Structure formats: C-alpha cells, structure tokens
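Working notes, structure below.
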Amino acid sequence: MRKDLGDLNDLQTIDQLVPVEGLNLIDVGCGAGGNSRELAARGATVLGIEPDPIQAEKNRLVPEVTGLRFVETGATTLPVDDASVDGVFFFRSLHHVPINDMDAALAEAARVLKPGTGFLYVVEPATTGSHFPVMRPYNDETVVRGEAQAALARAAAGLFPAPETFVHTVHPRYADFDSLVSRVSGQTFNDIDLENVDTDEVRAQFEAGKTDDGDYVFDQPMLVNLFRAP
C-alpha cells in the first residue's frame, strides 16, 4: 500500500525521501530541465537526458547552470559508466518511453547505479484525479501509464528489491482555457492535434475546475516508486 504524502510538489517530495546534496544524478527525459535545475540548486551534480531533438536543442542554448549538463539521448543509452551514479530520476517520463523499451530503460538505470547505495526514483501520473479527464479526450495516456506501472512491477521482480511506494498530489492551475491550450501547444514531445483540445467535452471538464478566485485548479495524484540498488 502506498504511503500518502499529501499535497506536495516534486521537489518537496524528494526533500522528504532522498536528500540529494553532493550526489551524482541523472534526470531521464528531463524536458526543459526544470527539475534538473532544482536538483543542481540543492547541491547535486546532474546530467539531464532528453531524447526529443527540438527540446534538446533548446536545452543546449540556455545559459549554463553550475552542476548541470544536458545531453541528447534516450533512456536506453545513458552515456555514463557502470556503477557510477548515485541516483536516476524519471519525472513523469517513463510512460513516454516506447512500450517495448520500458524494461530496457529500467535495466539501463540499474546498470549505472552504484551497488548498495544507488537509487532509482520514478514518479508517474495516476489515471485518477480531476486533471486526467481534462487531458483524456485529446491525449489519452491510459495505456502507456498502465504499461509504465507494469514495467515497474517487473523491475521490482527482476532488477531491484521491492520498492518503497508513495503517492503525493499536485494541483495543476490555469488562469483560463487559453492557458491550457498554450501549455499543450508548447510540448514538442507530444503530437497533439489542437483541434481536439478546443472541444465542448474538454471545455466542460475544464470548467468543473473553476475556483472562487477565478482560476482553474485540478488534482493529479502522482505515484512514486523508490528502488534501492542491490
């Protein structure tokens, strides 16, 4: 049974579970590198891995951050030596790995972790909460999120001891519907037809999240699996 940590964002959860100061880390599928920068700000040395060539090029053009380096490559080809990394993070990225490569991606993480002290930290969105019905009509991730959980179960059976498991809840917030459209259109790793976003169904689900202050706020439970290297 997962331990419920309540309303926390990614970094608040990490601060509770795995202090990272002084560690050598990899952020797999780092996107624009927001969490990578936060890990580096906490004193870690971070390698941000991004397979999407458009986002990877953007990462190469941003000002350098102490302790952070970006590389364009995939989850199955981490460019580091065996047993050389303290921790590997997947922040909502495992379900973006092709289904047939998920097991290989987790095995690659196991390869690079230091025996006995290394850890694999995977956070994946659940298919519950009020945010998922907003997304589902134009970006239904039911299958890939389920496949990611199945791959994690296999990893626990074959690569790692049983993980510590947690759930925390984030609260996506939008000023208006256009803010949602803008966020969706800014994702180069998802091929989403914007005509499927601005529909009566999506607008109805979105309107259900309106708060008294006029913003639109939703619940998204996040499932954390924390594996320790044997």
Side-chain angles (χ1 to χ4, degrees), residues 1-51 67-71 74-76 78 80 82-97 101-126 144-145 147-170 220-230:
M1 186 174 185
R2 292 181 182 272
K3 181 178 179 180
D4 191 342
L5 302 177
D7 295 336
L8 299 175
N9 62 31
D10 286 336
L11 276 300
Q12 289 169 332
T13 304
I14 289 168
D15 289 343
Q16 284 199 17
L17 300 179
V18 283
V20 299
E21 183 177 3
L23 300 186
N24 181 23
L25 307 174
I26 298 179
D27 181 5
V28 180
C30 65
N35 282 330
S36 298
R37 290 180 177 84
E38 291 289 350
L39 293 171
R42 283 161 168 75
T45 299
V46 184
L47 179 64
I49 298 296
E50 177 52 47
L68 173 59
R69 181 168 63 95
F70 291 111
V71 173
T76 60
L78 302 181
V80 297
D82 294 358
S84 63
V85 175
D86 295 300
V88 176
F89 287 90
F90 284 76
F91 291 106
R92 292 177 295 284
S93 56
L94 182 59
H95 70 277
H96 290 295
V97 174
D101 290 339
M102 287 180 181
D103 286 22
L106 296 174
E108 180 71 346
R111 176 187 70 81
V112 305
L113 288 176
K114 295 177 181 178
T117 60
F119 65 85
L120 169 62
Y121 185 107
V122 183
V123 56
E124 279 286 305
V144 291
R145 293 186 188 187
E147 290 289 348
Q149 294 303 315
L152 290 168
R154 290 192 294 271
L159 295 169
F160 298 95
E164 303 168 65
T165 60
F166 308 89
V167 58
H168 66 99
T169 302
V170 298
Q220 178 57 69
M222 309 301 297
L223 308 177
V224 176
N225 280 34
L226 176 57
F227 298 90
R228 306 287 183 175

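What you see is a predicted model, and the numbers here were worked out from it, not measured in a lab. Numbers here simply count residues along the sequence, with the first being 1.
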In Å, rounded to the nearest 0.5 Å, how long is the span from [atom1] of [X] to [atom2] of [Y]?
X: R42; Y: I14; atom1: CZ; atom2: CD1; value: 7.5 Å
X: N225; Y: R2; atom1: CG; atom2: CZ; value: 4.5 Å
X: K114; Y: D82; atom1: NZ; atom2: CG; value: 13.5 Å
X: N9; Y: D15; atom1: CG; atom2: CG; value: 8.5 Å
X: I26; Y: L78; atom1: CD1; atom2: CG; value: 5.0 Å
X: F91; Y: E124; atom1: CZ; atom2: CD; value: 12.0 Å

* Begin from the C-alpha positions of L8 and F166 and carry the test side-chain contact (heavy atoms from CB on, under 4.5 Å) through to its verdict. => CA-CA 12 Å; L8 299 175; F166 308 89; over 6 Å; no
Just so I know, are the side chains of [X] and [Y] near enough to count as touching, which here means a heavy-atom distance under 4.5 Å?
X: V85; Y: L23; answer: no
X: V18; Y: F89; answer: yes
X: L106; Y: F227; answer: no

Shortest non-hydrogen contact from [X] to [Y]?
X: A75; Y: V28; value: CB-CG1, 3.6 Å
X: G74; Y: I49; value: O-CG2, 4.1 Å
X: S36; Y: D27; value: OG-OD2, 2.6 Å
X: M102; Y: V97; value: CE-O, 3.4 Å
X: A40; Y: V46; value: N-CG2, 3.8 Å
X: L120; Y: A109; value: CD1-CB, 4.0 Å

* Listed partners of D10 passing side chain to side chain donor-acceptor pair (under 3.5 Å), at least two apart ->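 Result, side chain to side chain donor-acceptor pair (under 3.5 Å) vs D10: N35, R92.
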* Any residue meeting side chain to side chain donor-acceptor pair (under 3.5 Å) with T76, in chain and number order, not counting sequence neighbours -> none
So, [X] side chain and [Y] main chain: donor-acceptor pair closer than 3.5 Å or not?
X: Q220; Y: P125; value: no
X: R69; Y: T45; value: no
X: E50; Y: F70; value: no
X: R37; Y: A32; value: yes

* Steps toward side-chain contact (heavy atoms from CB on, under 4.5 Å) verdict (V123, H168) -> CA-CA 10 Å; V123 56; H168 66 99; 4.0 Å; yes
* To do: I would like to know whether Q12 and L5 meet side-chain contact (heavy atoms from CB on, under 4.5 Å); could you show each step before the answer?
  => CA-CA 10 Å; Q12 289 169 332; L5 302 177; over 6 Å; no
* Asked: Given L25 and F119, is the side-chain contact (heavy atoms from CB on, under 4.5 Å) satisfied, shown in steps?
  -> CA-CA 10 Å; L25 307 174; F119 65 85; 4.1 Å; yes
